[in-house]
Amino acid sequence: MKSSARVVVVGGGVVGASVLYHLTKAGWSDVVLVERKELTAGSTWHAAGGMHTLNGDPNVARLQQYTVNLYKEIEAESGQNCGIHLPGGLQLADTPERLDWLKMAMARGRYLGMKMEMLSMKEAKELNPLLEEKYFVGALYDEDEGSVDPYGVTHAYAICARNRGAEVYTNTMVNDIKQRQDGTWTVYTDKGEIHTEHVVNAGGLWAREVGRMVGLELPVLAMEHHYLMTEPMDEVIEYNKTHGKELPHMIDFAGEIYARQEGQSILLGTYEQDNRPWAAKDTPWDFVFQLLPHDLERIAPELERGFAHFPAVGRAGIKKFVNGPFTFSPDGNPLVGPIKGMPGMWSACAVMAGLSQGGGVGLSLANWMVHGDPGADIWGMDVARYGDFATLAYTNTKVRENYSRRFRITFPNEELPAARPLLTTPIYDRLIEHNAVMGAGFGLEHPLWFQDKGKEPKEDVTFYRSNAFNNVAEESKAVRERVGFSEASNFAKYKVSGAGSAAWLTSLFTNALPKIGRTVLTAMLNPEGKIVGEFSVSRIGEEEFFLFGSQAAEVHHPRWFIAHLPKDSAIRFENLSLSMVGLTVAGPRSRDLLQKLTDTSLATKDFPFMAFRKVNIGMAPIWLSRMTYTGDLGYEMWIAPEYQRYLFDLIMEAGKEYDMRLFGFRALITMRLEKNFGTWYREYRPIYTPLEAGMERAMKFDHEFIGRAAVEAEMKNGGPKRKLVMFKVDVDPERPADVIGDEPVWHNGNVVGWITSGGYAHYSGVSLAMGYIPTELAEEGTTGFEIEIIGKLRPATLQLEPVLDPSGSRMRA
Ligand SMILES: Cc1cc2nc3c(=O)[nH]c(=O)nc-3n(C[C@H](O)[C@H](O)[C@H](O)COP(=O)(O)OP(=O)(O)OC[C@H]3O[C@@H](n4cnc5c(N)ncnc54)[C@H](O)[C@@H]3O)c2cc1C
């Protein structure tokens with residue numbers, strides 16, 4: 001065994017083997033994999049081997065597609081049979097909502113180049129005569145579905161990696177991992193130590209335990225999972241004979257089952273409602289190539305439905321039942337990427353569909369390690385999407401919820417109930433008293449909209465317009481015509497202070513820093529010139545700054561800042577999190593309202609647009625910022641949590657005179673559309689450049705910053721190839737549906753781009769959609785656009801100027 005290597009991958013399941021393979025493919029050969037038993041000994045060996053490309057997140061879907069297409073390549077290269085079967089797959093809808101969902105999934109797949117089509121049940125039945133049509137209303141057919149042999153695939157990855165110089169140590173247990181003074185790592189195994197620059201946690205069922213070796217509690221939990229295999233079935237044999245091919249895969253959402261042909265039998269698995277975590281706290285190390293006892297009673301309701309939907313399967317004899325554990329994160333997607341504050345420590349775990357996702361996980365992680373960038377939009381799998389709130393108990397609750405919803409629709413306006421409320425601000429009870437419909441983001445409760453008094457504060461979940469519509473309209477109207485008041489705590493807030501702060505932030509940010517008492521908007525780029533952060537930066541001293549950004553990035557941002565903090569500097573980077581909370585007032589009367597509560601002059605000449613200063617409102621000392629995301633005259637107030645209730649009550653009382661109304665996040669995000677303001681993780685993501693995203697105003701070339709050379713090269717090479725634009729959408733008058741995000745944009749019969757977000761702009765009375773299209777089409781006057789919304793092509797018109805107040809006079813008033 002080597003005593004040093006550039007990378008140590010811990011875990012020889014399908015994921016660890018894929019990471020090893022992709023590292024060697026990217027050119028790193030001094031890499032080793034350490035497996036405590038034999039390859040596949042964890043959850044991989046008993047996987048059903050099914051693979052498909054469909055995923056709620058199109059970027060994850062793209063990586064699944066990559067994985068499915070990779071198997072032929074590694075089979076040929078390694079000479080190891082991967083048992084590839086690609087008979088295609090049917091997703092069966094039992095309700096009109098599910099049919100809508102499938103239409104949307106198909107549309108999303110268009111710009112990913114996926115080969116899918118909607119089928120009638122007659123057509124679906126022809127493809128798979130085992131199904132009982134009467135239970136379904138339609139189907140989606142996907143060519144890229146099938147199965148592989150998990151053993152073959154894992155060994156094929158390992159053989160290819162070995163051929164490029166990697167080493168694989170089986171029967172070698174990693175007992176501990178420690179960081180050295182110089183930041184490198186020692187991996188302690190029962191066969192000796194390995195000194196390494198990088199450690200990859202691909203511990204699968206034991207990823208939690210491997211994480212604990214370095215003090216991490218990763219949000220990952222194993223669940224028991226059953227499938228059965230029938231005896232050989234005449235119906236299957238007959239189909240193979242007459243059709244000359246295998247039966248397609250099936251996902252039956254109503255039955256909460258999946259089924260596929262295996263040999264001459266059918267393999268049928270279920271995501272049962274009465275589910276069970278396995279090894280909820282500690283995973284036993286003596287679990288090797290093992291299965292769990294079956295618990296058929298628990299899965300009986302799903303089996304009954306499955307047998308009704310596929311009667312021939314119900315009649316067949318059962319050859320075997322398999323119950324095995326495999327891991328999930330709280331939202332079911334993998335946990336991939338660098339660990340904040342631990343250079344060289346990488347996560348590749350919680351991969352619940354290792355055969356569909358393992359290739360994409362390996363590719364993006366290897367890219368990230370070798371090139372500093374995953375090479376694709378992998379936010380949906382980034383380990384940074386969870387913060388400290390994702391404790392063991394949180395994970396347990398959310399994973400169980402997610403497992404039981406595996407085949408259920410989560411609507412775009414749906415807020416899932418498990419593990420809530422968890423994080424609350426001091427005014428939470430006040431908001432509930434005002435009938436707020438709450439949502440949760442990054443564990444924190446925030447108001448979405450306010451229901452009428454006497455009505456249940458609950459939103460109907462739908463792909464169309466919900467019962468929130470009129471209330472959100474009223475909330476928007478209050479802001480645009482009078483004054484609105486809201487909670488604003490769901491932002492990430494950071495403080496940067498100490499000698500050298502200004503120079504450091506200058507080197508990270510595209511914009512010049514503001515003067516003391518002012519705010520600027522800025523982007524933060526990686527060396528490839530892609531957006532890794534977007535902030536408003538407020539300066540409160542020569543070397544003292546507040547940064548405000550998206551709350552969802554509260555681990556992602558610090559990971560970047562900490563990694564770039566100069567060594568031995570006096571700079572302090574603090575994540576303020578909920579030690580600072582916020583309130584906001586916005587609308588033409590917002591200044592009159594606040595002026596009544598403070599001696600500080602708020603007249604524009606004294607407190608202009610983008611000013612940021614310490615002010616007393618009533619008895620509360622606050623940081624007052626003259627800007628809001630509504631695009632109207634307005635203020636954000638940043639305070640210590642102990643003042644928030646006081647300030648809330650004070651403003652509620654003072655607001656009566658102005659007929660003030662509480663507004664929520666739904667109104668806020670539609671109001672920002674009227675101003676063409678983008679938002680993080682929708683319009684601004686690490687796959688876009690600031691020129692593509694139209695962030696020119698947040699860039700100054702009077703200083704050096706990370707990514708500047710890439711931006712300049714982009715400008716020199718003819719500018720961005722695509723651009724972020726706004727569309728006005730002519731929605732279906734029969735049953736209006738606004739865009740959600742990820743819809744394809746068509747132009748003269750071709751798919752030319754995709755939507756990032758949108759919705760109904762209540763005050764302007766138009767449906768808006770933002771998205772990326774080729775630069776040559778992003779010209780005023782270009783016509784012929786259509787956006788595919790729930791299976792219908794809706795005409796769309798470029799709206800390059802904001803629909804409301806294009807000159808920005810309202811916010812500067
Ligand atoms: C019944 C069932 C059916 C399934 N069906 C499918 C399917 O159809 N399609 C699909 O895509 N997925 C399926 N899965 C899920 C699939 O099995 C997992 O996604 C996949 O196995 C995850 O692989 P992994 O490499 O992350 O983890 P694992 O396979 O658990 O590998 C982790 C490895 O790390 C090793 N290890 C851990 N700690 C250490 C240590 N300290 N030192 C050394 N080695 C260590 C372990 O021994 C193990 O071999 C199924 C799972 C089950 C249980």
Side-chain angles (χ1 to χ4, degrees), residues 53-63 65-66 102-118 140 142-144 375-377 379 529-531 673 676 678-679 681-696 714-715 717-732 737-759 766-803:
T53 50
L54 206 67
N55 187 291
D57 181 327
N59 300 294
V60 178
R62 192 195 301 260
L63 288 170
Q65 188 180 33
Y66 164 79
L102 289 176
K103 285 178 194 161
M104 289 191 271
M106 183 177 76
R108 277 198 298 266
R110 285 193 203 283
Y111 61 79
L112 304 179
M114 288 181 180
K115 301 155 216 141
M116 299 182 185
E117 59 177 312
M118 297 302 301
L140 175 74
D142 177 7
E143 232 177 78
D144 285 334
D377 191 336
W379 172 246
K530 304 278 168 64
I531 308 165
L673 287 172
N676 287 16
T679 184
Y681 286 128
R682 280 290 174 191
E683 285 72 39
Y684 310 136
R685 291 177 77 116
I687 51 166
Y688 302 124
T689 72
L691 297 177
E692 291 173 340
M695 298 175 98
E696 286 84 352
E714 190 183 3
M715 293 195 292
N717 295 332
K721 305 272 178 296
R722 60 187 171 197
K723 277 204 156 170
L724 178 64
V725 293
M726 181 68 86
F727 291 102
K728 221 152 66 175
V729 189
D730 186 0
V731 297
D732 184 355
D738 307 298
V739 301
I740 296 159
D742 300 323
E743 292 85 354
V745 178
W746 293 75
H747 182 253
N748 293 342
N750 299 310
V751 174
V752 293
W754 57 87
I755 293 302
T756 48
S757 70
V766 288
S767 185
L768 295 174
M770 276 178 123
Y772 283 89
I773 58 170
T775 304
E776 62 273 18
L777 296 177
E779 294 287 334
E780 197 71 68
T782 313
T783 54
F785 291 104
E786 287 168 306
I787 300 174
E788 187 171 349
I789 304 178
I790 322 184
K792 292 186 179 152
L793 290 182
R794 301 304 314 165
T797 321
L798 276 181
Q799 178 66 45
L800 299 181
E801 283 221 317
V803 285

(Q) Is it the case that the side chain of Ser757 and the backbone of Gly741 share a donor-acceptor pair, with hydrogens and angles ignored and the cut-off at 3.5 Å? (A) no
Q: Using modelled atom types only, decide if a donor and an acceptor are shared between the side chain of Glu683 and the backbone of Thr679 within a distance under 3.5 Å.
A: yes
Q. Between atom NZ of Lys721 and atom CG of Leu691, what is the distance when rounded to the nearest 0.5 Å?
A. 10.5 Å
Q: Could you check whether the rings of Phe785 and His747 sit parallel, tilted or perpendicular, using 30° and 60° as the cut-offs?
A: tilted
Q. When rounded to the nearest 0.5 angstrom, what distance separates CD in Glu743 from CD1 in Ile790?
A. 8.5 Å
Q) Is the closest side-chain heavy-atom distance between Asp144 and Met114 below 4.5 Å? A) no
Q | pair Phe727-Val739: side-chain heavy atoms closer than 4.5 Å | A | no
Q | Pair listing, salt bridge (charged side-chain N to carboxylate O under 4.0 Å, His left out) test, anchored in residues 782-797, at least two apart | A | Arg110-Glu788, Asp732-Lys792
Q) Any side-chain heavy-atom pair from Met726 and Leu798 closer than 4.5 angstrom? A) no
Q.
Quick check for you: to the nearest 0.5 Å, what is the distance between Met104 atom CE and Ile740 atom CD1?
A. 4.5 Å
(Q) Nearest 0.5 Å, please: how far is CG in Leu54 from CG in Leu140? (A) 6.5 Å
(Q) Quick check: do Leu724 and Glu692 have side-chain heavy atoms less than 4.5 Å from each other? (A) no
Q.
Does Lys103 have more than 12 heavy atoms from other residues, nucleotides or ligands lying within 6.0 Å of its NZ?
A. yes
Q) About how many Å separate CD1 of Ile787 and OG of Ser767, when rounded to the nearest 0.5 Å? A) 8.0 Å
(Q) Quick check: closest heavy atoms across Thr756 and Arg682, and the distance to 0.1 Å? (A) O-CD, 2.7 Å
Q | Closest non-hydrogen atom pair between Gly753 and Tyr111, with its separation | A | O-CD2, 4.0 Å
Q: Compare every heavy atom of Asn676 with every heavy atom of Met770, then report the nearest pair and how far apart it is.
A: CE-O, 3.5 Å
Q.
Taking the side chain as everything from C-beta on, heavy atoms only, tell me whether Val731 gets closer than 4.5 Å to Asp738.
A. yes
Q) Quick one: does Gln799's side chain get under 4.5 Å of Val766's, heavy atoms only? A) no
Q. Side chains of Thr797 and Thr783: closer than 4.5 Å at any heavy-atom pair?
A. no
Q | Spacing of Lys530 atom NZ and Arg685 atom CZ [to the nearest 0.5 Å] | A | 13.0 Å
(Q) Testing the basics here: between Ala778 and Leu800, what is the closest heavy-atom pair and its distance to 0.1 Å? (A) O-CD1, 3.9 Å
Q.
Restricting to non-hydrogen atoms, name the atom on Ala769 and the atom on Ile755 that form the minimum distance, rounded to 0.1 Å.
A. CB-CD1, 3.9 Å
Q) Taking the side chain from Asp742 and the backbone from Asp57, do they hold a donor-acceptor pair closer than 3.5 Å? A) no
Q. How are the rings of Trp754 and Tyr688 set to each other: parallel, tilted or perpendicular (split at 30° and 60°)?
A. parallel
Q) Taking all atoms of both residues into account, what is the closest heavy-atom pair of Leu112 and Ala61, and its distance? A) CD1-CB, 4.1 Å
